[in-house]
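Below is one structure, written out as structure tokens; the observations come after it.
The basis for the numbers below is simple: all heavy atoms, side chains too, and nothing from hydrogens, waters or symmetry mates.
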Amino acid sequence: MALRKLTLTVDEDVIEKARDYSAANHTSISRLVNQFLARLPDEEKRYSPAVRRLIGLLPADVRVATYHEHLEEKYSR
């Protein structure tokens, strides 16, 4: 896989922490960032198959509070 240069803007304290960690673990900050980004889930792997089947079944405007109200009504009998 070909490597490409990437410019990042990072807080100073995070840079120092990354430098300390990379020195202690004999690696580079570039390798740390690459390993972290490589572990991000692909869109199709983000959710389990069961959850993917359920996505889109409810209208977008349903709130968590509505679900809690439903449970309260269902089990308070």
Side-chain angles (χ1 to χ4, degrees):
M1 186 180 305
L3 297 177
R4 289 185 52 190
K5 196 171 204 171
L6 174 67
T7 302
L8 301 171
T9 303
V10 182
D11 291 334
E12 283 288 332
D13 57 330
V14 174
I15 293 170
E16 281 306 311
K17 187 175 181 180
R19 284 184 178 147
D20 292 344
Y21 183 89
S22 65
N25 290 278
H26 309 289
T27 189
S28 68
I29 295 173
S30 291
R31 180 169 283 182
L32 292 174
V33 172
N34 188 62
Q35 289 173 342
F36 172 79
L37 295 176
R39 290 183 179 159
L40 293 176
D42 296 332
E43 188 61 34
E44 66 272 3
K45 293 179 183 174
R46 180 185 239 165
Y47 302 108
S48 70
V51 171
R52 283 198 307 270
R53 285 193 304 273
L54 296 172
I55 291 175
L57 292 179
L58 292 175
D61 62 344
V62 171
R63 301 173 300 121
V64 172
T66 304
Y67 174 66
H68 290 165
E69 291 166 8
H70 162 74
L71 291 178
E72 181 68 31
E73 181 180 314
K74 180 177 179 179
Y75 293 109
S76 66
R77 297 177 186 173

Report yes or no: do L40 and V10 belong to one cluster of Ile/Leu/Val/Met/Phe/Trp/Tyr joined by side chain heavy-atom distances under 4.5 Å? yes
Connected via hydrophobic side-chain network under 4.5 Å: L37 and I15: yes
The reported gap from CG in L8 to OG in S30 (rounded to nearest 0.5 angstrom) is 8.5 Å
Do V14 and F36 share a hydrophobic cluster (ILVMFWY, side-chain heavy atoms under 4.5 Å, transitive)? yes
Just checking I55: does its CD1 atom have more than 12 heavy atoms from other residues, nucleotides or ligands closer to it than 6.0 angstrom? yes
E12 atom CD, over 12 foreign heavy atoms within 6.0 Å: no
Between atom CG of D20 and atom CG of N25, what is the distance when rounded to the nearest 0.5 Å? 11.0 Å
State plainly whether one hydrophobic cluster holds both Y67 and L54, where clusters connect Ile, Leu, Val, Met, Phe, Trp and Tyr through side-chain heavy atoms under 4.5 angstrom apart. no
Rounded at 0.5 Å granularity, tell me how far CG in L32 sits from OG in S22. 6.0 Å
What distance do T66 atom OG1 and L71 atom CG have between them, rounded to the nearest 0.5 Å? 11.0 Å
